[in-house]
Amino acid sequence: MIDKKQTIQTHAKHGTDTGSTAVQIALLTERINNLSVHLTANKKDKHGQRGLQLLNGQRRRLLKYLERTSYDEYIALTDQLKIRRGQRIVR
């Protein structure tokens, strides 16, 4: 099960931050990990597979935005969440 409050507190920039890009990516990562575990046990769950693809696409778009706007935060977040990323852009 996902502990949303713990994830939000870990990645929030200030006390009332619940929707910044980093928090959204962290919450999506938790949901993706949880769904991946479910799909290893239930290989024929096609609706779950589609949901996983949608979550991955949404997280990918948010990561792309974060990379474009705040590259240092992008690197730190992907390292912290252990998310693979493409080739790094040297800045």
Side-chain angles (χ1 to χ4, degrees):
M1 200 68 181
I2 300 171
D3 188 12
K4 285 178 76 169
K5 288 183 181 180
Q6 177 68 28
T7 304
I8 290 171
Q9 287 175 356
T10 304
H11 298 285
K13 294 180 182 179
H14 50 79
T16 58
D17 178 20
T18 57
S20 68
T21 309
V23 171
Q24 290 181 49
I25 292 170
L27 288 173
L28 282 171
T29 301
E30 291 291 325
R31 288 180 65 193
I32 287 169
N33 292 341
N34 191 21
L35 191 54
S36 296
V37 170
H38 166 77
L39 289 174
T40 56
N42 302 285
K43 296 193 183 301
K44 293 188 177 185
D45 185 2
K46 300 302 179 187
H47 294 290
Q49 290 175 7
R50 184 174 190 280
L52 180 65
Q53 288 176 344
L54 292 173
L55 291 175
N56 274 329
Q58 187 176 0
R59 184 178 70 174
R60 186 173 52 244
R61 286 190 301 272
L62 283 169
L63 283 168
K64 209 168 172 182
Y65 169 77
L66 188 63
E67 180 184 19
R68 193 174 61 238
T69 56
S70 176
Y71 190 72
D72 294 333
E73 187 178 348
Y74 165 76
I75 295 296
L77 185 66
T78 52
D79 287 342
Q80 185 179 14
L81 294 175
K82 297 179 180 75
I83 298 174
R84 288 182 299 170
R85 55 182 176 265
Q87 188 175 1
R88 287 189 181 181
I89 301 170
V90 178
R91 292 190 181 199

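Remember, predicted model here, so these are calculated numbers, not experimental data.
From T21, atom OG1 reaches atom CG of L77 across 9.5 Å, with rounding to the nearest 0.5 Å. Taking CD of Q80 as the reference point, atom OG1 of T29 lies at 10.5 Å (rounded to 0.5 Å). Taken from NE2 in H38 to OG1 in T40, the straight-line distance is 9.0 Å, to the nearest 0.5 Å. Rounded to the nearest 0.5 Å, atoms CG (D45) and CG (L35) are 7.5 Å apart. Expressed to the nearest 0.5 Å, how far NZ of K4 lies from CD of Q9 amounts to 13.5 Å. Atom CD in Q49 sits 12.0 Å away from atom CG in L54 (nearest 0.5 Å).
Here salt bridge (charged side-chain N to carboxylate O under 4.0 Å, His left out) pairs that include residues 12-40, with residues two or more places apart or in two chains, are K13-E73.
Between the side chain of T78 and the main chain of Y74, a donor-acceptor pair closer than 3.5 Å is present.
Hydrophobic clustering, with ILVMFWY side chains joined whenever heavy atoms are under 4.5 angstrom apart, keeps L63 apart from Y65. Residues L28 and I75 fall within the same hydrophobic cluster, defined by Ile, Leu, Val, Met, Phe, Trp and Tyr side chains chained together at heavy-atom separations under 4.5 Å.
Minimum heavy-atom separation, H11 to A26: CD2-CB, 3.2 Å.
Other residues sharing a hydrophobic cluster with L27 under the 4.5 Å side-chain heavy-atom criterion for ILVMFWY residues are I8, V23.
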